[in-house]
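Encoded as C-alpha cells, the structure appears first; notes follow it.
Protein chains get the first letters and strands the later ones, always in sequence-line order, with residue 1 at the start of each.
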Amino acid sequence: MFDIKWIRANAEAFDRGMARRKGEARRAADLLALDDARKAVIATLQDAQERRNALSKEIGQAKAQKDEARAQALMAEVAALKDTIQQGEKQEREADAALRDMLAALPNLPLEGVPDGADETGNQPYFGPNGSETTAAASRPAKPELSFAPRQHFELGEALGQMDFEVAAKISGARFVVLKSHLARLERAIGQFMLDLHVDQHGYTEVQPPLLVRDEALLGTGQLPKFEDDLFFTPHGDGRLALIPTAEVPLTNLVRESIVAEAELPLRFAALTPCFRSEAGSAGRDTRGMLRQHQFNKVEMVSITTPEASIDEHERMLGCAEAVLQKLGIHYRVMALCTGDMGFGAQKTYDIEAWLPGQDTYREISSVSVCGDFQARRMDARYRTAEGKMGYVHTLNGSGVAVGRALIAVMENYQQEDGSIAVPAVLQPYMGGLTSIGGRS
RNA sequence: GGAGAGGUGGCAGAGUGGUCGAAUGCACCGCACUCGAAAUGCGGCGUGGGGGCAACUCCACCGGGGGUUCGAAUCCCUCCCUCUCCGCCA
C-alpha cells in the first residue's frame with residue numbers, strides 16, 4: 001500500500017516504477033486527483049465542524065448559566081450546520097474509500113536493479129551479491145549423473161504403490177494426492193528436516209499459526225483485494241475465513257497493528273504448514289503429478305526488519321533456502337525475477353529452481369521476496385527507535401522450501417535404475433534410519 | 001449453541017450527555033535537590049489528518065463501523081474481541 005503523500009512527492013519515480021509492472025496503467029495523476037478531491041471535501045467539512053464545535057461550546061456555557069433564551073438562539077443557529085456536516089462526513093468516507101481502494105489494488109514498485117521483462121523468460125540467473133557463475137557452482141550441488149533414462153516422480157511413486165492420484169481424485173477431485181508408507185514418511189521427514197534447520201541453525205522462531213484467516217490478514221499481505229479467485233474460503237458465521245495459500249499470511253500478520261521496539265528486530269519466524277490454492281488460473285498446467293496441487297506442505301520463513309536491514313536480510317534469507325538444497329544434495333539455480341514475473345507485494349524476488357532429471361528441467365521450489373514497507377503499511381506494523389522515532393517495518397518472506405516439490409526433487413534426483421529411491425543422508429535420521437525406498441534392504 | 005459481564009492513554013484505573021484528548025496512580029523523559037543514588041519537588045509525556053515558510057492552528061480518534069443529538073467516552077444499532085457459568089467437543 002502506498003502513502004499518497006509519497007506518491008505526491010515522488011510522482012515521477014512512481015510512474016516510472018508502475019510502468020515497469022505488467023498491466024499497470026495506473027498513474028500518479030489519477031491518484032492525486034482523487035486525493036485532491038478528498039482534501040477539498042475535508043476542508044469544507046472541517047470548516048463546518050469548527051463552527052459547530054464553537055457554537056456548541058457556547059450552548060454548554062449558556063445552559064450552565066441557566067440562560068435558556070440564549071441557548072435556544074444558539075441551537076437554532078447551529079442546527080443549520082447539521083446537514084452540511086452529515087453530508088460532508090459521508091463525502092469524506094466515500095472519498096477515503098475511493099482512494100484507499102485504488103491504492104490497495106496497486107502492486108509494489110520494483111527495486112532498482114530488478115530486470116525488466118514481461119514473463120518468466122525475462123528472469124535472469126543470480127549468483128549472489130558478489131558472486132559469479134563459477135563461485136556459485138562451487139557451493140551448489142552438481143546434477144546427478146544417471147546412467148539410465150530418468151523417470152518422473154509420479155512414475156516412480158505410482159510404481160512403488162506409494163503415490164496415488166486416482167484414489168485422491170475419488171476423495172477430493174483433481175490436484176490432490178495420497179502418499180503412503182515410506183513416501184508419506186519422506187514427505188514428513190523433509191518438512192521436519194527443513195524446519196529444524198531454520199530453527200536450529202538460522203535463527204528462526206518456530207510458529208504454529210492459524211491455517212484459517214480473515215480477509216483483513218489477506219489484505220495485509222496483499223492476497224486481497226486482487227487475488228480472491230486463488231483462495232479457498234469456508235463460511236464462518238455470517239462471514240468467511242480463508243484457508244491460507246501460504247504461511248506468509250499468518251506469519252507476517254503476527255506483527256499487524258503493533259509497534260515493535262527496534263531492539264527486537266529482526267524478528268524471524270518459520271512454520272511448516274499446509275497451503276491451499278484454488279489454482280483457478282492454471283487449468284491445464286502441470287496436471288500430471290504432484291507439482292501443482294490444491295493442497296501442499298511448505299516451510300515458510302518470514303523476517304521483520306528495519307528499513308536499513310531489509311536488503312541484506314533478503315540475501316540472507318535466500319542463503320537459508322539454498323542451504324536446504326545444498327544439504328539435500330539437489331542441484332539448483334537461482335533466478336532474479338523480472339518485473340513481469342514478480343508477485344504483487346514484492347520489491348524484488350529470487351526464485352530457487354531445483355533440477356528435476358525426470359522432467360529434464362528446472363522447476364521453482366522456493367521464492368524469496370523483500371516487500372519493503374508495502375505490507376507493513378497495509379497491516380499497520382511499525383517499529384520505534386530508542387529515541388522514540390516511529391517508522392514502518394520492512395517484511396520479507398521466502399519458502400524454505402516447498403515440501404511437496406522438495407519430495408519430487410528428492411525422488412527424481414535420488415532415483416535408481418531399479419525404480420527405488422535412495423534416502424539423502426540428512427533425511428535418514430528422520431526416516432528411522434531407512435536408506436532406500438523400494439530397494440532391496 | 002444458551003445466559004451474563006466487560007473492552008478508556010505503555011500499564012492500572014476514574015469518568016453515564018456539555019468547557020473531556022480524557023482525573024488519579026505507576027512507568028518513562030528532562031530539570032532541581034544530592035558526592036552519587038534513593039526519596040522528594042517542578043515540568044514533559046498518544047496517534048492520524050487538514051492549513052501555514054514558521055511560531056502555530058484546526059479536525060478526528062476512549063475495541064471497529066454506523067446512527068441519535070446543537071453537542072457523545074457517556075444514548076441506540078451492528079460487528080470484533082476478552083472473561084464467567086451451562087451445554088457440546090478433539
Restricting to nitrogen or oxygen on both sides, can you table the protein-nucleotides 14-23 of chain B pairs closer than 3.5 Å?
{"unit_1": "B:rG18", "atom_1": "N2", "unit_2": "A:S56", "atom_2": "O", "d": "3.0"}

- prompt: What is the nucleic acid contact for A:R93, judged by heavy atoms within less than 4.0 Å: base, sugar-phosphate only, or nothing?
  reply: sugar-phosphate
statement: The Watson-Crick or G-U wobble partner of B:rG4, with both key distances under 3.5 Å, is B:rC83
task: For the pair A:Y204 and A:H202, name the ring-plane relationship: parallel under 30°, tilted 30 to 60°, perpendicular over 60°.
output: perpendicular
Which nucleotide in B:rG51, B:rA60, B:rG49 has an atom nearest any side-chain atom of A:N53: B:rA60
query: Nearest-Å distance, CG (A:D96) to P (B:rG49)?
result: 11 Å
field: Base-pairing assignment for B:rA37 (Watson-Crick or G-U wobble, both under 3.5 Å)
entry: none
message: Please check if the number of heavy atoms outside A:E166 that lie under 6.0 Å from its CD is greater than 12.
response: no
- prompt: Would you say B:rG64 has OP1 or OP2 under 4.0 Å from some side-chain N or O of A:R214?
  reply: no
query: Across all strands shown, which nucleotide pairs with B:rC61 by Watson-Crick or G-U wobble geometry, both distances under 3.5 Å?
result: B:rG46
- prompt: Does A:R256 use its side chain to pair, donor to acceptor, with the backbone of A:M379 at less than 3.5 Å?
  reply: no
message: Using 30° and 60° as the class boundaries, would you call the ring planes of A:F176 and A:H294 parallel, tilted or perpendicular?
response: tilted
- prompt: Starting at CG of A:L99 and ending at C1' of B:rG48, how long is that distance when rounded to a whole Å?
  reply: 15 Å
field: Whole-Å distance separating the CD atom of A:Q72 from the P atom of B:rG71
entry: 14 Å
- request: Compare the minimum distances between each of B:rC70, B:rG51, B:rC59 and the side chain of A:E50, then state the nucleotide with the smallest one.
  value: B:rC59
field: Value in whole Å for how far the P atom of B:rC70 lies from CG of A:D83
entry: 12 Å
task: Using distance alone, with no hydrogens and no angle criterion, decide if A:N397 and A:S369 have a side-chain donor and acceptor under 3.5 Å apart.
output: no
- prompt: A:Q91 side chain to A:V41 main-chain N or O, any donor-acceptor pair under 3.5 Å?
  reply: no
- prompt: Between B:rG66 atom P and A:E94 atom CD, what is the distance in whole Å?
  reply: 12 Å
Side-chain donor/acceptor of A:R292 to backbone N/O of A:T287, under 3.5 Å: no
Could you pull out the protein-nucleic contacts involving nucleotides 74-77 of chain B (nitrogen or oxygen on both sides, under 3.5 Å)?
none

task: Report yes if a side-chain nitrogen or oxygen of A:R51 is closer than 4.0 Å to either non-bridging phosphate oxygen (OP1 or OP2) of B:rC70; otherwise report no.
output: no
message: Distance check, C1' atoms only: B:rG46 and B:rG9, in whole angstrom units.
response: 6 Å
- request: Consider only side-chain N and O atoms of A:E313 and A:T305, and report whether a donor and an acceptor are under 3.5 Å apart.
  value: no
- prompt: A:R382 has a side chain; which of B:rG50, B:rU47, B:rC70 sits nearest to it?
  reply: B:rU47
- request: For the residue pair A:T395 and A:Q375, confirm or rule out a side-chain donor-acceptor distance under 3.5 Å.
  value: yes
task: Under a 3.5 Å limit for both distances, which nucleotide forms a Watson-Crick or G-U wobble pair with B:rA54, could you say?
output: none
message: Let's test this: given Watson-Crick or G-U wobble pairing with both distances under 3.5 Å, identify the partner of B:rC70.
response: B:rG18
message: Could you identify the nucleotide paired to B:rA12, looking across every strand shown and requiring Watson-Crick or G-U wobble geometry with both distances under 3.5 Å?
response: B:rU24
- prompt: Looking across every strand, which nucleic acid part, if any, lies under 4.0 Å from A:K90 by heavy atom: base, sugar-phosphate, or nothing?
  reply: nothing
- prompt: Can you tell me if the side-chain N/O atoms of A:Q86 get under 4.0 Å from OP1 or OP2 in B:rU68?
  reply: yes
- prompt: If we ignore angles and hydrogens, is there a donor and acceptor under 3.5 Å between the side chains of A:Q415 and A:E155?
  reply: no
task: Would you kindly give the CG-to-P distance between A:D215 and B:rC80, to the nearest whole Å?
output: 13 Å
